[in-house]
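To find a chain, count down the sequence lines: A is the first, B the second, and so on, and within it residues start at 1. Predicted model only: the values in this text are computed from it and were never measured.
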Number of protein chains: 2
Amino acid sequence: MTDDIDQILISALMEDSRRSLKALAQISGLSSPSVAERLRRLEERGVLKGYTVEIDPKCFGYQLQAIVRVRPLPGQLQEVERQIMSIPEFTECDKVTGEDCFIARLHVRSMEQLDTLLDRLNTLAETNTAIVKKTPVKRRLPPMA
Amino acid sequence: MTDDIDQILISALMEDSRRSLKALAQISGLSSPSVAERLRRLEERGVLKGYTVEIDPKCFGYQLQAIVRVRPLPGQLQEVERQIMSIPEFTECDKVTGEDCFIARLHVRSMEQLDTLLDRLNTLAETNTAIVKKTPVKRRLPPMA
DNA sequence: GCAACATGACCGACGACATCGACCAGATCC
DNA sequence: GGATCTGGTCGATGTCGTCGGTCATGTTGC
């Protein structure tokens with residue numbers, strides 16, 4: 001289904017998604033029409049879900065990053081989810097098993113802003129916040145083999 | 001420093017980082033050499049850190065996704081960090097303030113694999129695992145304005 | 001107040017690239 | 001064993017990126 005060449009292409013695009021078809025052709029040992037066709041099929045099958053950029057949030061003043069565990073008060077689960085989705089500083093949120101219903105990532109410019117945003121949630125949920133000090137593993141892919 | 005046009009370019013590339021310079025030129029109302037120059041400067045300044053792809057881990061058999069909080073046993077902090085970095089199924093890891101030293105994301109193909117991987121850590125740390133049921137907020141950018 | 005410079009844009013020409021159609025080789029299936 | 005499907009190459013054509021030259025604008029210093 002996805003063979004070695006597809007994985008080479010995916011890895012190459014992970015490193016730099018703006019590589020030309022020609023460059024990808026050289027890396028994979030195929031011709032560029034073949035590469036184009038393979039990418040088309042990877043997209044079609046939903047393996048390749050999109051091409052995007054990595055941005056440094058610090059450049060927009062987001063000095064702080066926090067991971068917030070959120071435990072909604074009884075009956076507030078839906079509303080908490082809506083709130084999190086509607087606050088754009090929440091840049092990631094998973095609904096998980098266990099006592100904490102949500103685990104979310106929050107980017108803020110200051111402690112004051114962190115406080116303000118969490119206050120909005122604290123009427124609906126208990127929260128537990130951990131400030132990110134360092135990121136030992138940056139987003140990467142699990143092994144494809 | 002980063003003006004409206006830069007933000008238009010960044011947003012356009014967030015949606016699809018393979019857009020041609022010409023397409024970006026049309027979107028932003030500039031000429032393509034100008035766009036090329038702006039991208040060059042955004043990269044140079046570290047705002048634009050890279051161009052990458054979104055892959056669906058399910059397509060490689062990763063049916064389960066977990067968020068693991070890790071509290072190293074006394075004296076094992078360094079070793080725990082090394083372990084996490086060296087296990088490729090950990091696709092993200094932050095070192096944070098608070099009792100849990102690390103919060104990591106883990107992609108696995110099965111419960112057995114989850115168990116195996118966590119056992120490796122449990123000689124060095126206490127862990128607390130939450131299975132991801134849903135992702136209400138997919139990775140996005142905080143407001144740039 | 002103005003000359004000199006820096007910045008950031010445009011245009012046009014040229015070379016590189018993507019795309020399309022035609023064709024081919026190997027596996028699969030009656 | 002021939003029809004068909006799949007996934008590849010090649011070469012022509014048109015589109016795109018890049019580079020040098022130019023210009024407008026805003027800033028600095030005398």
Side-chain angles (χ1 to χ4, degrees), chain A residues 1-63 109 139 141-145, chain B residues 1-63 109 139 141-145:
Chain A
M1 193 163 157
T2 54
D3 63 6
D4 296 352
I5 291 183
D6 283 339
Q7 291 181 26
I8 290 172
L9 293 176
I10 290 171
S11 303
L13 287 171
M14 276 282 293
E15 281 174 20
D16 178 6
S17 63
R18 281 186 75 78
R19 276 202 239 253
S20 67
L21 292 181
K22 197 187 180 194
L24 294 170
Q26 279 165 210
I27 292 169
S28 62
L30 297 179
S31 62
S32 30
S34 303
V35 172
E37 176 62 13
R38 274 174 182 267
L39 293 188
R40 200 193 55 69
R41 272 162 30 219
L42 284 170
E43 290 167 25
E44 193 182 55
R45 281 163 37 207
V47 179
L48 237 168
K49 291 202 294 185
Y51 305 90
T52 185
V53 286
E54 273 182 77
I55 297 293
D56 185 358
K58 287 207 185 106
C59 294
F60 295 98
Y62 294 95
Q63 297 295 340
R109 301 187 209 250
R139 237 165 84 88
L141 278 186
M144 290 181 288
Chain B
M1 192 160 155
T2 52
D3 63 5
D4 296 353
I5 292 183
D6 284 339
Q7 290 180 27
I8 290 172
L9 294 176
I10 289 171
S11 303
L13 287 171
M14 276 284 292
E15 282 175 19
D16 178 4
S17 64
R18 282 186 74 80
R19 277 201 238 255
S20 68
L21 292 182
K22 197 186 180 195
L24 294 170
Q26 278 165 209
I27 292 169
S28 61
L30 297 179
S31 63
S32 29
S34 304
V35 172
E37 176 62 12
R38 273 174 182 266
L39 293 188
R40 200 193 55 70
R41 269 162 32 220
L42 285 170
E43 291 167 23
E44 193 182 55
R45 281 162 38 208
V47 179
L48 236 167
K49 291 201 293 183
Y51 305 90
T52 185
V53 285
E54 273 183 77
I55 296 294
D56 186 358
K58 287 206 184 106
C59 294
F60 295 98
Y62 294 95
Q63 297 295 340
R109 300 189 210 249
R139 230 163 78 90
L141 278 186
M144 291 181 288

Without placing hydrogens or testing angles, list every side-chain donor-acceptor pair under 3.5 Å for residues 9-17 of chain B, not counting sequence neighbours.
unit_1  : atom_1 : unit_2  : atom_2 : d
B/Ser11 : OG     : B/Gln7  : O      : 2.9
B/Glu15 : OE1    : B/Arg19 : NH2    : 2.8
B/Asp16 : OD1    : B/Arg18 : N      : 2.9
B/Ser17 : OG     : A/Ser17 : OG     : 2.7
B/Ser17 : OG     : A/Thr52 : N      : 3.2
B/Ser17 : OG     : A/Thr52 : O      : 3.3

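One interatomic measurement links the two molecules: CZ of B/Arg18 to P of C/dT19, which rounds to 9 Å at whole-angstrom precision. Atom CG of A/Asp6 and atom P of D/dT6 are 16 Å apart (whole Å). The interatomic distance linking B/Arg45 (CZ) with C/dT7 (C1') rounds to 14 Å, in whole Å. Remark: P of C/dA6 and CZ of B/Arg41 are 16 Å apart, rounded to the nearest angstrom. Here D/dG8 presents its P atom at 14 Å from CG of A/Leu21, a figure rounded to the nearest Å. Counting to the nearest Å, the P atom of C/dC20 and the CD atom of A/Glu37 are 11 Å from each other. In this structure, B/Ile5 places its CD1 atom 7 Å from P of C/dA9, rounding to the nearest Å. Between B/Arg40 atom CZ and D/dC19 atom P there is a gap of 11 Å when expressed in whole angstrom units.
Residue B/Ser20 is in sugar-phosphate contact alone, with no base atom involved, counting any heavy-atom pair closer than 4.0 Å across all strands shown.
Mapping A/Val35 and B/Lys22 onto DNA chain D by nearest heavy atom places A/Val35 closer to the 5' end of the strand.
Within 6.0 Å of atom CG in A/Asp3, more than 12 heavy atoms from other residues, nucleotides or ligands are found, so the atom counts as buried in its surroundings.
The side-chain heavy atoms of A/Met144 and B/Ile55, taken from C-beta on, include no pair separated by under 4.5 Å.
When the side-chain nitrogen and oxygen atoms of B/Arg38 are compared with OP1 and OP2 of C/dA9, one or more of them lie within a distance under 4.0 Å. Of the side-chain N and O atoms in B/Ser34, one or more sit less than 4.0 angstrom from OP1 or OP2 of C/dC10.
Looking at B/Arg40 and B/Glu37, a side-chain N of the basic residue comes within less than 4.0 Å of a carboxylate O on the acidic one, giving a salt bridge.
Nearest nucleotide to the side chain of A/Pro33, out of D/dG17, D/dT9, C/dC10: D/dT9.
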